[in-house]
Amino acid sequence: MKITKREFPKTRLRRARMKSFSRKMVSENRLSKNDLIWPVFLTEGTDRILDIETMPGVHKYSVDMILKELQKPVDQGLNAIALFPSIEDEKKDEQGSNAFEPDNLICTAIRAIKEVYPSLGLICDVALDPYTDHAHDGIIYKGQVDNDRSLKKLVKQSLLLSDAGCDILAPSDMMDGRVGIIRDALEKKEHHDVMIMSYAVKYASALYGPFRNAVNAGKLIEPSDKKSYQMNVSNSFEAMHEIAMDVNEGADMIMIKPGLPYLDIITKAKDTFGMPTYAYQVSGEYSMIKSAARNNYIQEEETILETMLCFKRAGADGIFTYFTPYLLNLLD
Ligand code: PBG
């Protein structure tokens, strides 16, 4: 952008800010319902809506209840959701076996939701952490999260989710080479139109804590953190390499995660690759805003809308946010 010489008082930037109509005329970014993706937590059983202690106002739904709960937001124009299963501890094991059961919670939910809401976009995580007793996203071998052993499992999980009717696979596991191997498998099985939204840049962030509580993930068992696969918070050039890899391997869309503290990465990614680029306003961000608002330290509505516009300004094409139902009401 070239800035021509502008001088006071010929130029008074406050002129256009004086009235509401002109502020609207010159606003460069807008939030629309199509920007919103609602992350939804699932729980087993029926007739259950459970609170999540670390995320006030967010719930886990049994499949029958989420079918009811979706009616209103779908009528309001909800475009897509991301599903996250929370399964019982007894079903978890070292290999994440429940992830490969065709009638597990997530596959049952996909089929049920597709039947009632066929045009609602369904996005599913590809990672083993909801299923493993050690709570890691991949397979542990010789004390490490083993890349290539994990890949085999992730392919299996991807095919199962696609068979069930998932529209967009979202590998969040950060294994090297996952997008390519998943894309190849999808093509072989004629799932040509199943898309891949890579969590290309997923940082090893402290802001996922409330989510791990929500999906009933236990304490991480050795290794005690995800730093050997999720990215170092201090790096941004490496993020561009991650994206380049995933784009070359066949990602249709990319995601940056967490959200607000990582807007620089969104802008850089959008400017560099021009791919459909999504932000994930993660659980910790949600809970910080929510708890501050509940104490009247900040004004909730203004704060939420501000964060959304910041994502748009940074270049995000859409935002995963737990505030989606709240925002759909506001935008109505
Ligand atoms: C699992 C996954 C996580 C989130 C989305 N998918 C947690 C993690 O990697 O530990 C976090 C989402 C949130 O915090 O809202 N791979």
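All ligand and atom numbering here is 1-based and tracks the order in the structure. Note that this is a predicted model, so its numbers are computed, not measured.
Atom 4 (C) of ligand 1 has its closest protein heavy atom at K257 NZ, 2.7 Å. Remark: minimum distance from atom 8 (C) of ligand 1 to any protein heavy atom is reached at K226 NZ, 3.3 Å. Counting protein heavy atoms only, atom 15 (O) of ligand 1 is closest to Y322 OH, 2.6 Å. In this structure, the protein non-hydrogen atom closest to atom 12 (C) of ligand 1 is F211 CD1, 3.2 Å. When hydrogens are left out, the protein atom nearest atom 6 (N) of ligand 1 is D125 OD2, 2.8 Å; that is the closest non-hydrogen contact. Counting only heavy atoms of the protein, atom 1 (C) of ligand 1 lies nearest to D129 OD2, 2.9 Å.
The shortest separation from a heavy atom of Y286 to ligand 1 is not under 4.0 Å, leaving the residue out of contact. Heavy-atom distances between F320 and ligand 1 stay at or above 4.0 Å for every pair. Heavy atoms of K202 approach ligand 1 to within less than 4.0 angstrom.
Considering backbone and side-chain atoms together, S283 places an N or O closer than 3.5 Å to an N or O of ligand 1.
Ring pair F41/Y322: centre-to-centre distance below 6.0 Å.
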Verdict with reasoning, E90 to K92, per salt bridge (Lys or Arg N to Asp or Glu O under 4.0 Å): CA-CA 6 Å; E90 305 83 72; K92 300 185 182 187; over 6 Å; no
